[in-house]
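A quick note: this is a predicted structure, and the numbers were derived from the prediction, not measured. Positions are given from 1 along the sequence.
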Amino acid sequence: MTTVAATAVTAVPATGRRPSAARGRVTVNVVMVAMILYFLLPFWWLVVAATKGNDALFSTAALWFHSPGSFFTNLQQLFTYNGGEYLRWMGNTAIYAGVSGVGATAVATLAGYAFAKYRFPGRNLLFSSLLGAIMVPATALAIPTYLLLSKVALTNTMWAVILPQLLNPFGVYLVRVYVQESLPDELLEAARMDGAGELRVLWSVALPTLKPALVTVLLFSMVGTWNNFFLPLVMLNDDRLFPLTVGLQSWYEGAMIQSGANALFTLVIAGSLVAILPLIVTFLLLQRYWRGGLTVGSLK
């Protein structure tokens with residue numbers, strides 16, 4: 001009888017915890033769904049607005065389709081307007097993002113590996129300064145960078161957008177942490193004892209291990225350059241060199257000056273939708289490496 005009573009006493013808290021845990025899961029799920037809707041709402045509006053003509057854009061329901069067939073008309077106008085300058089801007093953006101992403105990844109790899117595995121005078125001071133650079137807003141450096149590049153006649157060139165993007169302090173920090181957590185010194189020493197030089201050790205031993213971190217830095221650098229607006233706005237005054245961000249802004253300003261008299265508003269919306277599609281595709285292709293790069297520290 002005592003055993004039965006004890007079982008009943010211990011069973012009451014257990015059954016009381018189950019509804020509480022279920023309510024907690026429901027709350028978490030509701031919050032997650034609300035956050036998903038919050039972040040997807042602007043994208044949904046962009047898709048819906050891209051199916052409307054210039055007049056319907058301001059006179060129909062904001063979050064529902066009006067004339068889906070207008071989407072293809074808007075795309076045709078987008079790619080042919082003003083001699084197809086949108087395609088030129090997209091090509092410029094791809095060059096900026098690709099060259100800057102690969103260059104920033106290479107610099108971050110070499111610097112992060114050196115900070116993690118080599119001992120040299122001033123290492124901690126340099127790394128602390130690098131961490132401090134993360135705290136400095138990029139917009140605060142745009143004007144000093146412009147003055148510096150103007151001294152060497154690089155403003156209003158593609159290099160004026162690419163060169164400032166090659167140093168990614170967060171990328172250096174990420175690579176250093178990844179190297180420290182996933183690349184043991186014993187592995188490097190074994191390669192050196194087998195006669196491998198430092199470049200061979202880096203190329204054949206370190207880089208294959210660092211692949212998740214490198215893809216993560218590449219993704220962050222490319223997305224940051226693709227979405228960059230203020231730097232190219234300061235550096236460039238030739239519309240043939242504009243990236244998509246500055247080019248679409250120029251179209252928007254033209255539409256505002258003309259009070260929406262032409263179809264520029266619909267072109268800006270369709271262009272914005274097309275501009276984010278490469279980022280979505282790139283993220284979907286690289287997300288498994290991205291997750292691996294961010295979670296390596298928690299798995300050690």
Side-chain angles (χ1 to χ4, degrees), residues 82 85-115 120-176 214 216-257 268 271-272 275-276 278-279 282:
N82 202 14
E85 64 180 354
Y86 181 85
L87 293 176
R88 182 168 62 248
W89 293 340
M90 177 168 281
N92 294 340
T93 306
I95 293 174
Y96 295 144
V99 176
S100 299
V102 173
T105 303
V107 172
T109 301
L110 296 176
Y113 179 80
F115 277 124
F120 52 89
R123 185 188 68 154
N124 293 333
L125 178 61
L126 286 175
F127 190 71
S128 299
S129 301
L130 188 72
L131 292 181
I134 300 177
M135 307 299 177
V136 179
T139 53
L141 300 176
I143 301 302
T145 303
Y146 174 84
L147 296 176
L148 180 64
L149 293 178
S150 65
K151 297 294 185 181
V152 291
L154 286 179
T155 55
N156 200 34
T157 65
M158 284 191 167
W159 291 112
V161 179
I162 294 173
L163 290 177
Q165 303 286 338
L166 295 183
L167 178 59
N168 184 349
F170 177 75
V172 177
Y173 170 77
L174 180 63
V175 172
R176 183 192 182 185
L214 303 187
T216 303
V217 175
L218 176 65
L219 179 61
F220 284 172
S221 300
M222 291 183 63
V223 171
T225 304
W226 189 281
N227 292 329
N228 199 348
F229 171 74
F230 190 70
L231 180 66
L233 178 66
V234 172
M235 295 294 178
L236 305 175
N237 54 40
D238 186 354
D239 58 1
R240 293 173 299 179
L241 299 176
F242 284 173
L244 285 173
T245 51
V246 180
L248 291 175
Q249 172 66 17
S250 67
W251 278 1
Y252 177 77
E253 291 178 353
M256 293 295 293
I257 292 174
V268 171
S272 300
I276 65 176
L279 297 181
T282 302

Requested in this report: Heavy atoms only: give me the nearest Val268-Leu248 pair and the separation to one decimal.
Outcome: CG2-O, 3.9 Å
Report summary line: Tightest non-hydrogen contact, residues Val217 and Ala104, listed as CG1-O, 4.5 Å
Report task. Taking the side chain as every heavy atom from C-beta outward, state whether Pro243 and Leu236 have any atom pair closer than 4.5 Å. Result -> yes
Query raised in the report: Do Thr155 side-chain atoms and Ser150 backbone N/O form a donor-acceptor pair below 3.5 Å?
Result: no
**Report entry** Closest approach of Glu85 to Trp251 (non-hydrogen atoms, all atoms of both residues)
**Finding:** OE2-NE1, 2.8 Å
Report summary line: In this structure, CZ of Arg88 is separated from CG of Asn82 (nearest 0.5 Å) by 7.5 Å
Query raised in the report: Is Thr245 close to Asn228 at the side-chain level, that is, under 4.5 Å between some pair of heavy atoms?
Result: no
Report summary line: In short, Gly112 meets Val175 closest at the heavy-atom pair CA-CG1, 3.9 Å
Query raised in the report: Distance from Thr282 atom OG1 to Leu218 atom CG, nearest 0.5 Å?
Result: 9.0 Å
Query - Expected output: side-chain Trp226 to main-chain Ala275 donor-acceptor under 3.5 Å - result: yes
Query raised in the report: Rounded to the nearest 0.5 Å, how far does OH of Tyr146 lie from NZ of Lys151?
Result: 11.0 Å
Requested in this report: Enter the distance from Leu167:CG to Gln165:CD here, rounded to the nearest 0.5 Å.
Outcome: 10.0 Å
Query raised in the report: Taking it one step at a time, do Asn168 and Val107 satisfy side-chain contact (heavy atoms from CB on, under 4.5 Å)?
Result: CA-CA 8 Å; Asn168 184 349; Val107 172; over 6 Å; no
Query - Side-chain touch Tyr173/Leu130, heavy atoms, less than 4.5 angstrom - result: no
Query raised in the report: Does anything in residues 229-239 pair up under salt bridge (charged side-chain N to carboxylate O under 4.0 Å, His left out), and if so which pairs, sequence neighbours excluded?
Result: Asp238-Arg240
Query raised in the report: Atom CZ of Phe242 and atom OH of Tyr86: how far apart are they, to the nearest 0.5 Å?
Result: 15.5 Å
Query raised in the report: Do other residues, nucleotides or ligands put more than 12 heavy atoms under 6.0 Å from Phe127 CZ?
Result: yes
Requested in this report: State which residues pass side chain to side chain contact (heavy atoms under 4.5 Å, CB included) with Pro164; sequence neighbours excluded, sorted by chain then number.
Outcome: Thr145, Leu149, Leu231
Query raised in the report: Is a side-chain donor or acceptor of Ser250 paired with a backbone partner of Gly247 at a separation under 3.5 angstrom?
Result: yes
Query raised in the report: Looking at side-chain heavy atoms only, is the closest gap between Val172 and Pro169 below 4.5 Å?
Result: no
Could you go through residues 93-102 and list every donor-acceptor pair under 3.5 Å that involves a side-chain atom there, pairing it with any protein atom two or more places apart or in another chain?
from: Thr93; atom 1: OG1; to: Trp89; atom 2: O; distance (Å): 2.8
from: Thr93; atom 1: OG1; to: Leu244; atom 2: N; distance (Å): 2.8
from: Tyr96; atom 1: OH; to: Leu241; atom 2: O; distance (Å): 2.7
from: Ser100; atom 1: OG; to: Tyr96; atom 2: O; distance (Å): 2.7

Report task. Evaluate the side-chain proximity of Val161 to Asn92: yes if any heavy-atom separation is below 4.5 Å, no if none is. Result -> no
Query raised in the report: Is there a side-chain contact between Ile143 and Val234 (heavy atoms, below 4.5 Å)?
Result: yes
